[in-house]
Amino acid sequence: MYAREIEGETLSFGVSGKLIMNALVMFDRQTETLWSQFLGEAVEGPLKGTPLEVVPAVLTTWESWRQLHPDTQVLDQGGFVMDAYNGYYFSPQAGVIGERNPDDRLFGKELVHGVVIPQGRKAYSHRVLAEHPVVNDLIGNQPVLVAWDTVGRAAIAYDPTVDGRLLTFEVHEPDASGETLRDLETGSVWSVLTGEALSGELAGSRLEVLNGFAVFWFAWSDYFPDTDVFQPEG
């Protein structure tokens, strides 16, 4: 998800019909600049090279979201909603034009949570995260926490430092707010989906969400051929 304000002007975006390495290319109606959905950056036109500001978002179920935010608003376009790509998920086809950088470290259509930060890029397989739902990791020299939401079958990456203090996390029993984590340093309990400390010494603190999103492995490795891949120890 991206913010639409660029240099004080709010842009209106549409679908250009173009692709870059199988990924959607948007355009803005004010300048007709083309923007890469995957890179979050203008790739052609008057604003070329301009980045879009990332807005942290969570991929989860409606039930989980409504439980956390009962007063939430909903984008309703009317009619029955269905996933037109259902069959594509299970086919061997890699996008429209095929993959450009075959990388057999993972199966091409495997879903990963790809994390993009200045210190590097790293892919966390959904399949592996389902078995290891809390990962205390490093990308370059940056500590990273990757947490798996079992209900929504999605991952979220956080910066595990609070007020300069590095925390180490483990799985904790779910509560009324959903799935939770516990940090070993203070025993505080944290929400997986919001990164907020719900109880304990750090109650009210919130972890910073790191830029990451769910994507097929073939697409991730095409854009970031130098990516690392998380492998659990043992």
Side-chain angles (χ1 to χ4, degrees), residues 1-60 65 69 72-79 81-85 88-89 93-103 108-109 111-124 139-142 144 146 154-159 195 206-228:
M1 183 181 293
Y2 299 108
R4 295 192 291 123
E5 186 173 305
I6 303 294
E7 298 178 353
E9 182 179 9
T10 300
L11 303 182
S12 175
F13 288 84
V15 178
S16 71
K18 302 177 185 292
L19 296 173
I20 297 178
M21 294 164 63
N22 288 304
L24 172 74
V25 175
M26 307 174 289
F27 75 98
D28 72 76
R29 296 181 174 86
Q30 285 70 27
T31 72
E32 297 187 349
T33 296
L34 296 178
W35 303 77
S36 167
Q37 173 210 11
F38 203 104
L39 298 176
E41 182 178 306
V43 293
E44 184 178 306
L47 298 178
K48 182 177 180 179
T50 303
L52 292 169
E53 178 188 353
V54 176
V55 177
V58 175
L59 178 65
T60 186
W65 181 264
H69 306 284
T72 192
Q73 294 184 323
V74 178
L75 175 62
D76 183 3
Q77 295 180 304
V81 177
M82 62 174 292
D83 191 341
Y85 293 91
Y88 172 72
Y89 301 143
Q93 180 183 356
V96 175
I97 60 177
E99 59 188 322
R100 297 176 54 178
N101 176 50
D103 188 326
K109 279 289 194 65
L111 278 172
V112 301
H113 187 73
V115 181
V116 184
I117 57 177
Q119 292 82 354
R121 293 94 168 86
K122 197 162 189 176
Y124 297 81
I139 299 180
N141 61 356
Q142 169 65 48
V144 173
V146 181
I156 310 170
Y158 294 107
D159 181 340
R206 192 179 291 269
L207 301 173
E208 178 188 353
V209 179
L210 297 177
N211 185 19
F213 47 94
V215 61
F216 286 125
W217 167 243
F218 80 84
W220 178 262
S221 62
D222 270 0
Y223 271 86
F224 304 116
D226 59 345
T227 184
D228 291 327

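When every heavy atom of H113 is checked against every heavy atom of G212, the shortest pair comes out as CE1-C, 3.6 Å. Minimum interatomic distance between Y2 and L39 (heavy atoms only, all atoms of both residues): OH-C, 4.1 Å. Summarising the geometry of E9 relative to Q30, their closest heavy-atom pair is OE2-CG, 3.4 Å, with the distance given to 0.1 Å. When all heavy atoms are compared, the tightest approach of R121 to I139 is N-CG2, 4.1 Å. Contact detail for A123 and W217: the closest heavy-atom pair is CB-CZ3, 3.8 Å.
Legend: residues meeting side chain to side chain donor-acceptor pair (under 3.5 Å) with D159, ordered by chain and number and at least two apart, are T161. The side chain to side chain donor-acceptor pair (under 3.5 Å) test applied to S12 returns R29, not counting sequence neighbours. In this structure, the ring-ring contact (aromatic ring centres under 6.0 Å, His included) partners of F213, at least two apart in sequence or on a different chain, are F38, W220. Every residue two or more places apart in sequence or in another chain that forms a side chain to side chain donor-acceptor pair (under 3.5 Å) with T31 is listed here: D28, T33. Shown here are the salt bridge (Lys or Arg N to Asp or Glu O under 4.0 Å) partners of R4, two or more places apart in sequence or in another chain: there are none.
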Check step by step if side chain to side chain contact (heavy atoms under 4.5 Å, CB included) holds for Y158 and V209. CA-CA 4 Å; Y158 294 107; V209 179; 3.6 Å; yes
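The shortest distance between side-chain heavy atoms of V25 and W35 does not fall below 4.5 Å. The shortest distance between side-chain heavy atoms of Y223 and V116 does not fall below 4.5 Å.
Between the side chain of Y124 and the main chain of V146, no donor-acceptor pair closer than 3.5 Å is present.
The aromatic rings of F216 and F218 lie parallel to each other, with less than 30° between the two planes, well short of the 60° mark.
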Return all side-chain donor-acceptor pairs below 3.5 angstrom for residues 44-55, not counting sequence neighbours, or 'none' if the list is empty.
from	atom 1	to	atom 2	distance (Å)
T50	OG1	L47	O	2.7

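Rounded to the nearest 0.5 Å, atoms CG (L24) and NZ (K18) are 12.0 Å apart. Expressed to the nearest 0.5 Å, how far CD of E32 lies from OG of S16 amounts to 11.5 Å.
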